[in-house]
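Working notes, structure below.
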Amino acid sequence: MSESLKKIPIKVEGAGQDNETVSLYESHQKIYVRAAKGMFNNLRILFVLGTQLVYLGLPWLQWNGRQAVLFDLADRKFYLFGLTVWPQDFVYLAALLMCCAFGLFTWTTIAGRLWCGYSCPQTVYTEIMLWIEQWVEGDRNKRIKLDAAPMSMRKLRLKTAKHFIMIVFSLWTGFTLVGYFTPIRSLIAALPSFGYGPWETFWMFFYGGFTYLFAGFMREQVCKYMCPYARFQSVMFDADTLIISYDEARGEPRGARKKGSDPKEQGLGSCINCSICVQVCPVGIDIRNGLQYECIGCAACIDACDEVMDKMGYPRGLIRYTTENALEGKYPEKEIASRLKRPRVVLYILVLSAVIIAAVTSLAMRKPFKVDILRDRASLVRETDEGWLENTYIIKIINTTERPQQFRITAEGLPDIKVKTETPLVAIPAAATDSATVHVEADPQYATKGSHPIRFIVESAGDPSLRVEEKSSFIGE
């Protein structure tokens, strides 16, 4: 059982004994994370910088005279570089969510919680806040001494500077979030007068405030007690999942010893019990106690242990990425890659590939415009001066491309059917929606009493092969 779950607040009463309160929830103790150095730490830094470069930089990119990535809720249009997504394209959002879900399932089954350790926003922002702490207050030992020291001008100055930088960064993240929904350049222009709307102001401070709270204060508590992924991840694990493990057979029994001494002569394992693997852990667990749900797979303990092994002159890998079966000797670790062919992984990959192929194919075959037919209910049918019957329709055309288009509207379904519009071609601006009033006339001898099926054909004037057919009906006398 994890140490954090051993204390549960229960009131125990019994005859002849005093009431006793046992704590079910361990009170929070601040974790002073020690800086780690090594390959996995460098990889984590790369992911932190990469994710923030994408998140903070995307709103500043321009595309065809507008913001490249903009979720325009007011006009109900999402701009993704050259792609404009409309509410009618909800299926693509569903496909994106399915890709994210099955991608997470696949990656977790193969290599555990690498998402948590390298790319999760909580991990990324916590890492940035730790960098700020280390830059302002110093390394782990200096931070411990500073917190233990009585309040002084130096302590007040350092604490104020640290939290000021954290708050500024947090508000910057909130400002950037709003910049995905309101053009970020207009937000910058409104900054001197703070001329923002109520919703823009709310989301800036809401997102920024929770970034500051979660990454600046709660940190590992979010991973331990709030994140649902930590609870159901075990469902996707199996004995062949790549996890961070302590080699107990090699490391035990633990004990201190002099550098260069032979541990076998002293009856010891490779672990010198320095606890540096615990000090570098951002969630404060001891990986030597086995796999725990709190572990986010950041591999900081691997870097720390390898550094200690190098100093002691021992082989690396006392703590390493491996699988449960490999650690138990059921197969050599060089065969881990061959275990990717197991049924669960293959099934996830097949489903993920099917969703991606279907979404990409649908996007590639998507027409550059959409059509919606609405009947004018105010006048179902009327007789023209020539004695023909006329129905009126409103044809709504959505231009999904980044260039203006012109459209020709015709109809089929009744002999000699005629279509009249205000202009021969209906012009629609780039990435815009417009409506055209269409009068359809039919000979009364064919348009008898009742409803008759017809088809509207809307084709691009620039490329007649691009056409959309929509079913409707004509009301006769």
Side-chain angles (χ1 to χ4, degrees), residues 2 4-5 39-41 43-48 50-51 54-55 93-127 214 219-246 281-287 289-303 319-328 330-331 333 335-359:
S2 167
S4 60
L5 299 179
M39 179 184 69
F40 295 108
N41 180 66
L43 188 61
R44 189 163 58 255
I45 292 174
L46 182 64
F47 271 87
V48 170
T51 54
V54 172
Y55 173 70
L93 175 60
L96 176 62
L97 295 177
M98 290 178 65
C99 288
C100 292
F102 281 102
L104 186 63
F105 297 162
T106 304
W107 195 247
T108 302
T109 304
I110 294 173
R113 294 183 66 179
L114 291 189
W115 158 259
C116 295
Y118 294 90
S119 300
C120 173
Q122 173 65 19
T123 299
V124 168
Y125 289 141
T126 298
E127 189 74 13
F214 287 167
R219 297 183 179 176
E220 78 285 349
Q221 301 294 303
V222 176
C223 300
K224 285 183 176 181
Y225 306 117
M226 297 176 63
C227 177
Y229 182 50
R231 306 295 174 177
F232 69 76
Q233 59 158 332
S234 58
V235 178
M236 294 172 278
F237 276 41
D238 57 33
D240 291 313
T241 297
L242 200 63
I243 56 175
I244 297 174
S245 300
Y246 166 70
C281 179
V283 292
I285 64 170
D286 189 342
I287 193 64
N289 293 334
L291 181 64
Q292 298 149 69
Y293 80 89
E294 297 97 335
C295 177
I296 62 173
C298 68
C301 54
I302 296 180
D303 285 335
I319 301 175
R320 63 184 182 274
Y321 275 112
T322 185
T323 68
E324 183 181 340
N325 282 337
L327 196 63
E328 293 176 355
K330 295 183 178 179
Y331 55 78
E333 292 191 351
E335 295 184 6
I336 289 178
S338 65
R339 303 289 167 165
L340 294 177
K341 300 177 183 178
R342 58 192 188 274
R344 180 185 297 191
V345 177
V346 173
L347 180 61
Y348 283 150
I349 292 177
L350 287 176
V351 174
L352 178 61
S353 301
V355 174
I356 293 175
I357 293 173

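In this chain, residues are counted from 1 in sequence order.
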| said: My understanding is that only one of Thr241, Ile336, Asp240 makes a side chain to side chain contact (heavy atoms under 4.5 Å, CB included) with Asn325; could you say which? | reply: Asp240
| message | Show, in sequence, the C-alpha distance, side-chain angles and deciding distance for Tyr229 and Thr108, and conclude whether the side-chain contact (heavy atoms from CB on, under 4.5 Å) test is met. | response | CA-CA 10 Å; Tyr229 182 50; Thr108 302; 2.3 Å; yes
| Quick check: does any side chain N or O of Gln292 sit under 3.5 Å from a backbone N or O of Asp286, one acting as donor and the other as acceptor? | yes
| task | Report yes if some heavy atom in the side chain of Pro282 is under 4.5 Å from a heavy atom in the side chain of Thr126; otherwise report no. | result | no
| message | Would you compute the distance between atom OH of Tyr246 and atom CG of Leu327 and round it to the nearest 0.5 angstrom? | response | 11.0 Å
| request: Identify the two heavy atoms, one from Ile319 and one from Cys301, that lie closest to each other, and give their separation to 0.1 Å. | output: CG2-SG, 3.9 Å
| request: Count the heavy atoms belonging to other residues, nucleotides or ligands that lie under 6.0 Å from CZ of Phe47, then report whether that count exceeds 12. | output: no
| task | Supply the atom-to-atom distance Glu294 CD to Tyr225 OH, rounded to the nearest 0.5 angstrom. | result | 7.0 Å
| Non-hydrogen side-chain atoms of Cys99 and Ile356 separated by less than 4.5 Å | yes
| task | May I ask you to decide if Ile349's main-chain N or O and Ser353's side chain share a donor-acceptor pair within less than 3.5 Å? | result | yes
| request: Check whether any side-chain N or O of Gln122 sits under 3.5 Å from a backbone N or O of Phe214 as a donor-acceptor pair, and report yes or no. | output: yes
| field | Counterpart residues, salt bridge (Lys or Arg N to Asp or Glu O under 4.0 Å), relative to Arg344 (two or more places apart) | value | none
| To the nearest 0.5 Å, how far apart are CD1 in Ile110 and CG in Asp238? | 10.5 Å
| task | Indicate yes or no: at least one non-hydrogen side-chain atom of Cys281 is less than 4.5 angstrom from one of Ile287. | result | no
| Donor-acceptor side-chain pairing of Ser338 and Tyr331 below 3.5 angstrom | no
| query | In Å, rounded to the nearest 0.5 Å, how long is the span from NZ of Lys330 to OG1 of Thr323? | reply | 9.5 Å
| Hey, what's the ring geometry for Phe105 with Tyr348, parallel, tilted or perpendicular (30° and 60° as the breaks)? | tilted
| field | Spacing of OH belonging to Tyr293 relative to SG belonging to Cys223, to within rounding of 0.5 Å | value | 10.5 Å
| Note, Leu291 side chain near Phe237 side chain (heavy atom, < 4.5 Å) | yes
| field | Partner of Tyr118 under side chain to side chain contact (heavy atoms under 4.5 Å, CB included), chosen from Arg113, Arg44, Glu127 | value | Arg44
| message | To the closest 0.5 Å, what do you measure between CZ (Phe102) and OG1 (Thr109)? | response | 11.0 Å
| said: With a 4.5 Å cut-off on side-chain heavy atoms, are Tyr321 and Ile244 touching? | reply: yes
